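Below: one structure, written as structure tokens.
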Amino acid sequence: MRPAGRVVATALAQMRKQAAVGVSTLELDEIARSVLADSGASSPFLYYQPSFAHTPFPAVICASVNDAALHGIPSRYRLADGDLVSLDFGATLNGWTADAAVSFTVGTPRPDDLRLIDAAERALAAGIAAAFPGSRIGDISAAIGAVARAARYGLHTDFGGHGVGHTMHESPSVPNDGKAGRGMKLPAGLVIAIEPWFMAGGKDSYVVDPDGWTLRSGDGSRAAHVEHTIAITTDGPQILTAL
Ligand code: MG
């Protein structure tokens, strides 16, 4: 699954490099499409239609800006100074899929946004550190939830991590909060995506736009979302979506 993960990491790095004030999120989607084409990979996002969505997803990336946390649809919206951008991207190569997300700011960052992104990244690292053979799903969930609560950020257990394999969303589900010691025992060889998303306002509720996709914080506060696909091995967790 590493080659698929490398495609994902490459595209996210290129989009992050190109994302600047005045660049549209549709232009970022085009960058991701060209990385897919150059690598002979396909998009598990394009035309994806899970049960909660009333239309197929129309792009290869999710671009969620400011109060949007997840599933933002790329558009002609041009990034503005100080925007907080979350990009989620997946790739399927030779029948295997990988999935990852990054959050960052463009232009002059707001200090509060940098703290929010830092907390999401620390939660992701804590979740990954808990992913050993013999530990349980709840250990990962509890590690993520503890970071959110310590920082007084809002979080929700809808739309968390998941197994990854031939398809993007497989069992088990890896919620962003839970109790240590509970849930499925993690076997060596399992590959999962871990993906904390936090809301700065501290409330745990979200709303979905009329487009049926874009998920925003319920209180209008900013949100951050980060994700890696990792393999659980006897040598410890291995990140498959890093360069
Ligand atoms: Mg995911």
Side-chain angles (χ1 to χ4, degrees), residues 1-2 4-13 15-16 28-29 32 35-36 41-53 56-57 59-64 68-74 85-93 96-104 117 120-121 123-128 130-131 137 140-141 143-145 148 155-178 184 186 190-199 206 208 213-215 223-232 237-242:
M1 298 175 79
R2 275 193 191 285
R6 211 169 287 130
V7 173
V8 171
T10 300
L12 286 171
M15 287 187 277
R16 184 173 188 155
L28 299 178
D29 188 70
V35 171
L36 286 171
S42 61
S43 171
F45 285 34
L46 187 63
Y47 308 132
Y48 185 58
Q49 189 171 14
S51 54
F52 69 81
F57 194 76
V60 305
I61 66 166
C62 298
S64 306
L70 302 174
H71 309 157
I73 297 173
V85 188
S86 300
L87 300 178
D88 192 346
F89 175 69
T92 303
L93 183 64
W96 294 102
T97 295
D99 184 15
V102 292
S103 283
F104 55 89
I117 293 166
E121 288 175 346
L124 175 58
I128 293 171
I137 295 284
I140 299 172
S141 302
I144 292 169
L155 84 168
H156 201 290
T157 50
D158 286 357
F159 305 109
H162 48 89
V164 185
H166 290 300
T167 60
M168 178 167 58
H169 290 142
E170 301 187 353
S171 63
S173 117
V174 187
N176 282 331
D177 198 12
M184 191 188 100
L186 303 172
L190 180 69
V191 175
I192 56 173
I194 298 177
E195 49 177 317
W197 58 278
F198 293 168
M199 299 175 283
Y206 65 83
V208 177
W213 281 101
T214 311
L215 185 154
H225 171 223
V226 294
E227 175 180 19
H228 272 307
T229 296
I230 65 151
I232 292 159
Q238 295 190 27
I239 298 174
L240 303 181
T241 43

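One-based numbering, in listed order, for ligands and for the atoms of each. Small disclaimer: the values here were computed from a predicted structure and weren't measured.
Ring geometry for Tyr48 against Trp213 counts as tilted: the plane angle lies between 30° and 60°, on a 0 to 90° scale. The aromatic rings of Phe45 and Phe89 sit tilted relative to each other, their planes meeting at an angle between 30° and 60°.
Among the backbone and side-chain atoms of Asp88, no N/O/S atom is found under 2.8 Å from the Mg ion (ligand 1). At a cut-off of 2.8 Å, His162 is counted among the residues with an N, O or S atom near the Mg ion (ligand 1).
Aromatic ring centres of Phe159 and His169: separated by at least 6.0 Å.
Nearest N, O or S atom of Glu195 to the Mg ion (ligand 1): atom OE2. Of all the N, O or S atoms in Asp99, the one closest to the Mg ion (ligand 1) is OD2. The minimum distance between the Mg ion (ligand 1) and any N, O or S atom of Glu227 involves atom OE2.
Heavy-atom minimum distance, Ile137 versus Pro175: CG2-CD, 3.9 Å. Counting all heavy atoms, side chain and backbone alike, Ser42 lies closest to Leu36 at O-CD2, 3.6 Å.
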